[in-house]
Amino acid sequence: MRNTLKFVIGNWKMLSQQQHALLLARDLASYCKKQSHHSVRTVICPTFTQLVSVEKIISEMQIASDSLALGAQDCYPAKEGAFTGDVSATMLSDIGVRYVIIGHSERRQKHHESNEFICEKVKSALEAGLIPVICIGETLAERQEGKTAQILEEQILGSLPQNFSGIIAYEPVWAIGTGITPTMDELQENISIIRTLLEKHQPKTASQTPLLYGGSVKSDQSADIFSINGVDGVLVGGASLKADEFIKIIQSAPKD
Ligand code: PGA
């Protein structure tokens with residue numbers, strides 16, 4: 001999966017009503033349909049209620065799935081059962097979802113999700129044939145205490161099953177939705193730390209694992225982020241809700 005392929009993933013969170021979601025999906029699908037190269041993969045992750053209608057837009061417009069694909073923002077580990085309010089990876093796969101974000105800090109913090117629980121979700125996503133996008137990253141306090149590498153190692157050890165295959169998104173919690181991004185030097189350092197940790201703990205798959213950056217990504221610095229050695233893409237929240245801004249980010253990804 002790694003090498004020259006770059007990922008631009010939009011996490012729409014709980015920020016978009018249906019009408020806006022459909023317009024956004026149409027605009028992005030029209031743009032991706034015109035793309036002649038396939039070295040950038042765009043993934044959009046609407047909220048659960050919008051997945052079916054966004055999938056319909058992508059399939060009706062006949063967009064190549066290596067150009068634009070559908071992702072979900074979460075899944076539950078069990079395949080089915082009495083889990084009121086939850087959605088399984090199998091159900092997502094059944095409606096044409098191909099990617100799933102797991103372990104976002106908003107779920108780790110607000111839903112108290114542990115590394116162990118996240119690992120169960122990752123396994124269920126893989127079993128269902130989905131590509132998991134696992135978010136890891138330190139809080140501001142952990143960063144200030146010099147614990148970044150330790151936290152990243154704990155999350156990699158706890159959240160990833162053996163021989164993990166999927167995508168890792170490095171999202172420092174203090175950079176999410178704040179407009180603050182790490183300096184390029186800090187980002188380079190932490191990306192290198194994560195790559196080394198993956199080689200240590202996931203030796204069989206590390207070299208194939210795309211590593212993304214997420215946290216206040218905007219079009220005016222996305223080219224710089226892409227230029228960092230070892231960054232294979234970006235996970236974008238707020239800026240993915242505006243078609244023109246998100247398209248500029250897609251355009252800033254290096255092409256073959
Ligand atoms: P942001 O969110 O781009 O709005 O900071 C990123 C994310 O939460 O994935």
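Order of appearance sets the numbers: ligands from 1, and atoms from 1 within every ligand. Only this structure's heavy atoms are used, side chains among them; waters, hydrogens and symmetry mates stay out.
The shortest N or O to N or O distance between Gly177 and ligand 1 is below 3.5 Å. For ligand 1, the polar-atom distance check against Thr178 finds no nitrogen or oxygen pair separated by under 3.5 Å.
Ser165 is not listed as a side-chain neighbour of Gln208, based on a closest heavy-atom distance of 4.5 Å or more. At least one side-chain heavy atom of Leu160 sits under 4.5 Å from a side-chain heavy atom of Ile168. Between Gln109 and Thr139, some side-chain heavy-atom pair lies under the 4.5 Å cut-off.
Residue pairs meeting the side chain to side chain donor-acceptor pair (under 3.5 Å) criterion with at least one member in residues 53-64, sequence neighbours excluded: Gln18-Ser53.
When only modelled atom types and interatomic distance are considered, Glu138 and Trp174 share a side-chain donor-acceptor pair under 3.5 Å.
Using a 4.0 Å cut-off to heavy atoms of Ser216, the atoms of ligand 1 that qualify are 1 (P), 3 (O), 5 (O). Under a 4.0 Å criterion applied to the non-hydrogen atoms of Lys13, ligand 1 contributes the atoms 2 (O), 7 (C), 8 (O). The atoms of ligand 1 that sit less than 4.0 Å from any heavy atom of Gly215 are 5 (O). The contact set between ligand 1 and His104, taken as ligand atoms under 4.0 Å from a residue heavy atom, comprises 7 (C), 8 (O), 9 (O). Of all the atoms in ligand 1, the ones that sit under 4.0 Å from a non-hydrogen atom of Gly238 are 1 (P), 3 (O), 4 (O).
Under the side chain to side chain contact (heavy atoms under 4.5 Å, CB included) test applied with Leu152, the options Ile136, Leu157, Leu198 reduce to a single match, Ile136.
Of the protein's non-hydrogen atoms, the one nearest atom 6 (C) of ligand 1 is Gly237 N, 3.5 Å. For atom 9 (O) of ligand 1, the closest non-hydrogen atom of the protein is Glu171 OE2, 2.7 Å.
For the ligand labelled ligand 1, residue Gly214 lies outside the 4.0 Å heavy-atom shell.
A salt bridge does not link Arg108 to Glu171: none of the charged nitrogens lies less than 4.0 Å from a carboxylate oxygen.
Residues Ile180 and Tyr213 fall into different hydrophobic clusters, defined by Ile, Leu, Val, Met, Phe, Trp and Tyr side chains chained together at heavy-atom separations under 4.5 Å.
With a 4.0 Å cut-off on non-hydrogen atoms, Asn11 touches ligand 1 through its side chain and not its backbone.
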